[in-house]
Amino acid sequence: MSIDKVREYFRTFGIDDQILEFDVSSATVELAAQAVGCEPALICKSLSFKIDERTILILAAGDAKVDNKKYKTCFGSKAKMLSPDEVIERIGHAVGGVCPFAVNEGVEIYLDVSIKRFEYVYPAAGSSNSAIKLSLSELEKYSNYSKWVDVCKIPV
C-alpha cells in the first residue's frame, strides 16, 4: 500500500508518527481541508503531468490553478495531465493520495511559488485519507524537489 511506502520513507527521518490518517476521505482539496480542519489553500495538492517520457509532479497551494502560459514558458511544452492509470504507473501513488514522498524513480518534483505565502502546508501522505503537516523547509527537504517554479495562478 502506498501509505506504507510513505510511512517507511518518513521513518528514515524519524517523523513517520507525524502522518495524519482520517476516518474520512481527503482525496480532494475540499475533503482534505475538512478532514484537517484548515482552509483549502493550505492543502498542498500534487499536480501530475507528462512531457513525452518525463513525469512532472508540481506541488501547489490548494486554491491555485495551473496557468497554461506560465507552464509552457517554464517547461517548453503544453500542460498534459496524467490519466489516473498513468499516475499510478509513473508516480507510484493513486489519485487522491499523490504526494512527493516515496515516488518512483525519475519523477521530477517541483514546488510552485503559490505555497510560499504559507508557513506550513498539508500534502497527502500516500493514501486518500492521509496528510502530513510540513513547513516549507521540511517540504523542500523531504520532497527531493528539483526547483521552485511559477506555473500557477491564485484567485484574487
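Interatomic distance, Lys80 NZ to Asp52 CG, rounded to the nearest 0.5 Å: 6.5 Å. Atom NZ of Lys69 is separated from atom SG of Cys74 by 14.5 Å, given to the nearest 0.5 angstrom. Between Leu59 atom CG and Lys45 atom NZ the span is 11.0 Å, to the nearest 0.5 Å. Note that OG of Ser135 is 10.0 Å distant from NZ of Lys133, once rounded to the nearest 0.5 Å. Note that OG of Ser130 is 4.0 Å distant from CD1 of Ile3, once rounded to the nearest 0.5 Å.
Within 6.0 Å of CG on Asp17 lie more than 12 heavy atoms contributed by other residues, nucleotides or ligands.
The pair Asp63-Arg117 counts as a salt bridge, with a side-chain nitrogen and a carboxylate oxygen less than 4.0 angstrom apart.
Phe118 is not listed as a side-chain neighbour of Cys44, based on a closest heavy-atom distance of 4.5 Å or more. Contact of the Phe22 side chain with the Val36 side chain is registered, since non-hydrogen atoms from C-beta on lie closer than 4.5 Å. Counting heavy atoms from C-beta outward, Leu82 and Arg90 have side chains that approach closer than 4.5 Å. Ile56 has its side chain within reach of Ile51: a pair of non-hydrogen atoms, C-beta onward, lies under 4.5 Å apart. Side-chain contact check for Leu139 versus Phe101: some heavy-atom pair is nearer than 4.5 Å.
Of all non-hydrogen atoms in Tyr122 and Leu20, the two that sit nearest each other are CE2-CD1, 4.2 Å. Between Asn104 and Gly92 the shortest heavy-atom distance is ND2-N, 3.4 Å. Here the shortest heavy-atom pairing between Cys99 and Ser46 reads CA-OG, 3.7 Å. Ser2 approaches Gly126 most closely through the heavy-atom pair CB-O, 3.0 Å. Pro100 and Leu57 get closest at one heavy-atom pair: CA-CD2, 3.9 Å. For the residue pair Leu136 and Ile115, the shortest heavy atom distance occurs at CD1-O, 3.6 Å.
A donor-acceptor pair is defined here as one N or O able to donate and one able to accept, closer than 3.5 Å; such a pair exists between the side chain of Lys70 and the backbone of Cys152.
Under the 6.0 Å cut-off for aromatic ring centres, Tyr142 and Phe10 qualify, their centroids lying closer than that.
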**Prompt:** Do Val66 and Met81 pass the side chain to side chain contact (heavy atoms under 4.5 Å, CB included) test, and can you show the C-alpha distance, the side-chain angles, and the key distance before you say yes or no?
**Reply:** CA-CA 11 Å; Val66 172; Met81 293 198 83; over 6 Å; no

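One hydrophobic cluster, built from ILVMFWY side chains closer than 4.5 Å, cannot hold both Val113 and Tyr110; they sit in different ones. Note on Phe75 and Trp148: separate hydrophobic clusters, where clusters join Ile, Leu, Val, Met, Phe, Trp and Tyr whose side-chain heavy atoms are under 4.5 Å apart, directly or indirectly.
Evaluated for a salt bridge (charged side-chain N to carboxylate O under 4.0 Å, His left out) with Asp16, the options Lys5, Arg11, Arg7 yield exactly one hit, Arg11.
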